[in-house]
*Asks:* 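Sharing a structure here in structure tokens format.
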There are 2 protein chains.
Amino acid sequence: MNSRPSAPEATIIQALRNKGYRATSQRIAISRLVLTSRDHPTALQICKKIREAHPTVSLATVYKTLQVLSGLRLVQELSFPDAEAKFDSRMKPHLNLICEQCGNVADSEDRAADAVVKAAGREGFRVSGQRLDVYGLCEKCLKKNSS
Amino acid sequence: MNSRPSAPEATIIQALRNKGYRATSQRIAISRLVLTSRDHPTALQICKKIREAHPTVSLATVYKTLQVLSGLRLVQELSFPDAEAKFDSRMKPHLNLICEQCGNVADSEDRAADAVVKAAGREGFRVSGQRLDVYGLCEKCLKKNSS
DNA sequence: CTAAGTGCAAACACTTTGCACTTAA
DNA sequence: TTAAGTGCAAAGTGTTTGCACTTAG
């Protein structure tokens, strides 16, 4: 649940208003958290974090805001079998390296991600987004297992 | 819900028994359907199809069987926001070209899929599976929209 | 024979919705 | 001022589970 140093709050407010959405304090807080987080939080994790500053925020509002952000293509919802959805604000093509042991999701900026998008285009597909998950064991867990 | 001409029934029975599972008629039927289908059926679609020949099969059994097949890594469950999960029996690296208009999922065998797996390996990740979704508009829908 | 599997219905967990209250614009 | 948004609780939906019955091995 890390945050990047400066959150572009004015930008968020503008983005919401331009699309006809009101810039409520809840939406701004949730948007700022999600758009600046480097990990892949669940709705519940987001809600708990937001409540540290806005104690009355409901989980329903978190879900509604995440739907707005998904609609604006600022955030992507990653559904998993058995588990809650995680929300990812990195919209550029990238790989999600998902460890099946510790559950961590690491991003990778490898150019193979762009190659996938190009390949889809070559098939006559007009690409608007992507989800490139690789499942397995992360380096940390591999080491832990062998020790 | 297409099927390939010949279903490797004996192979399915062996695979189940080797792993300590009983080869019941329900499991064989469900496995054969899923493992030979070229599209990406949901549990309910599978259940309806199976009931044409085995009218008493329950949705619970379909889900349980799909879990067994997932555990054997013969099938992958693709979860989506808002929608039922689809089940994919193509386990080799490939792209899922998912049309946001008609909902169709087309597979693509492009080598970019293998490049993704290699890239993950380069990062010290031990790959055991992948899900490479590309979202957008398929050629058919693009044409329909422009006409 | 007997432990594993099935089918039904009930339970579950995550997510969405209805509605009265609040608030941005 | 007033339509959009919030927060609560209730409803919804796909999936899982408990349990008595059935069946593969």
Side-chain angles (χ1 to χ4, degrees), chain A residues 9-10 12-34 40-48 50-51 53-72 75-87 103, chain B residues 9-10 12-34 40-48 50-51 53-72 75-87 103:
Chain A
E9 180 152 325
I12 292 170
I13 295 176
Q14 273 315 309
L16 288 170
R17 290 202 180 139
N18 287 345
K19 295 290 180 175
Y21 294 107
R22 290 189 181 170
T24 65
S25 63
Q26 294 94 326
R27 275 187 186 155
I28 295 166
I30 295 166
S31 301
R32 189 171 49 189
L33 176 63
V34 177
H40 302 72
T42 66
L44 190 58
Q45 288 172 330
I46 293 164
C47 191
K48 283 181 178 161
I50 293 295
R51 279 183 172 161
H54 297 69
T56 68
V57 166
S58 71
L59 189 53
T61 296
V62 172
Y63 275 111
K64 284 169 188 166
T65 300
L66 289 168
Q67 284 195 164
V68 168
L69 296 176
S70 294
L72 299 180
V75 151
Q76 183 180 26
E77 179 176 350
L78 303 177
S79 302
F80 296 97
D82 309 322
E84 305 160 74
K86 293 175 187 278
F87 292 85
Chain B
E9 180 152 324
I12 292 170
I13 294 176
Q14 273 315 309
L16 288 169
R17 290 203 181 137
N18 287 346
K19 295 289 181 175
Y21 294 106
R22 290 187 181 172
T24 64
S25 63
Q26 295 92 327
R27 273 187 187 156
I28 295 166
I30 295 167
S31 301
R32 188 173 48 189
L33 176 63
V34 177
H40 302 74
T42 66
L44 190 58
Q45 288 172 331
I46 293 165
C47 190
K48 283 181 178 162
I50 293 294
R51 280 182 171 162
H54 297 69
T56 68
V57 166
S58 72
L59 190 51
T61 296
V62 172
Y63 274 111
K64 285 168 187 165
T65 300
L66 290 168
Q67 282 194 165
V68 168
L69 296 176
S70 294
L72 298 180
V75 150
Q76 183 180 26
E77 179 176 350
L78 303 177
S79 301
F80 297 96
D82 308 324
E84 305 160 75
K86 293 173 187 280
F87 292 84

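Note on naming: letters A, B, ... go to the chains in the order of the sequence lines (proteins, then strands), and numbering restarts at 1 for each one.
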*Asks:* CD of E77(B) versus C1' of dT16(D): gap in Å, rounded?
*Replies:*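 Distance check: E77(B) CD to dT16(D) C1' gives 12 Å.
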
*Asks:* What is the distance, to the nearest angstrom, from the OH atom on Y63(A) to the P atom on dG12(D)?
*Replies:* 18 Å

*Asks:* CZ of R27(B) to CD1 of I30(B): how many Å apart, nearest 0.5 Å?
*Replies:*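 One gets 9.0 Å once the value is rounded to the nearest 0.5 Å.
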
*Asks:* What's the closest nucleotide to the side chain of K64(A) if the choices are dT17(C), dT16(C), dG5(D)?
*Replies:* dT17(C)

*Asks:* Under 4.0 Å between any heavy atoms, over every strand shown, what does A23(B) touch: base, sugar-phosphate, or nothing? Just pick one.
*Replies:*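 Sugar-phosphate contact only - A23(B) comes under 4.0 Å of backbone atoms but never of a base.
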
*Asks:* Any idea which of dC8(C), dG5(D), dT15(C) is nearest the E84(A) side chain?
*Replies:* dT15(C)

*Asks:* Report the residue from I50(A), V62(A), L66(A), T65(A) that forms a side-chain contact (heavy atoms from CB on, under 4.5 Å) with V34(A).
*Replies:*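 Answer to the side-chain contact (heavy atoms from CB on, under 4.5 Å) test with V34(A) among I50(A), V62(A), L66(A), T65(A): L66(A).
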
*Asks:* Whole-Å distance between dC14(C) C1' and L59(A) CG?
*Replies:*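 Between C1' of dC14(C) and CG of L59(A): 9 Å.
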
*Asks:* How long is the line joining CG of L44(A) and P of dC14(C), in whole Å?
*Replies:* 8 Å

*Asks:* Whole angstroms only, please: what is the OH-P distance between Y21(A) and dA3(D)?
*Replies:*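 About 19 Å, once rounded to whole Å.
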
*Asks:* For dG5(D), take OP1 and OP2 only and decide whether either is under 4.0 Å from a side-chain N or O of T24(A).
*Replies:* no

*Asks:* Roughly how far, to the nearest 0.5 Å, is the CG atom of L69(A) from the NZ atom of K19(A)?
*Replies:* 12.5 Å

*Asks:* What is the distance, to the nearest angstrom, from the CG atom on D82(B) to the P atom on dT17(C)?
*Replies:*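 After rounding, the gap between these two atoms is 9 Å.
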
*Asks:* Find the distance between CD1 (I46(B)) and NZ (K86(B)) and round it off to the nearest 0.5 Å.
*Replies:* 11.0 Å

*Asks:* So which one's nearest nucleotide on DNA chain D is more toward 5', S25(B) or F87(B)?
*Replies:*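 Mapping each residue to its closest nucleotide by heavy atoms, the 5'-most match is F87(B).
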
*Asks:* How long is the line joining CD1 of I28(A) and P of dT6(D), in whole Å?
*Replies:* 10 Å

*Asks:* What is the nucleic acid contact for A85(A), judged by heavy atoms within less than 4.0 Å: base, sugar-phosphate only, or nothing?
*Replies:*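 The residue A85(A) makes sugar-phosphate contact but no base contact.
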
*Asks:* Just the rounded figure in Å: distance from P of dT6(C) to CG of L66(B).
*Replies:* 12 Å

*Asks:* Does Q26(B) put a side-chain nitrogen or oxygen below 4.0 Å from OP1 or OP2 of dT23(D)?
*Replies:*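 Q26(B) to dT23(D) OP1/OP2: no side-chain N or O under 4.0 Å.
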
*Asks:* Quick check for you: among dG5(C), dT17(C), dT16(D), whose closest atom lies nearest to any side-chain atom of Q67(B)?
*Replies:* dT16(D)

*Asks:* Less than 3.5 Å between a donor and an acceptor, one on the side chain of R17(A) and one on the base of dA25(C), is that the case here?
*Replies:* no

*Asks:* With no angle test and no hydrogens, is the base of dA25(C) tied to the side chain of R22(A) by a donor-acceptor pair under 3.5 Å?
*Replies:* no

*Asks:* Could you tell me the separation between the CZ atom of R22(A) and the CD1 atom of I28(A), rounded to the nearest 0.5 Å?
*Replies:* 13.0 Å

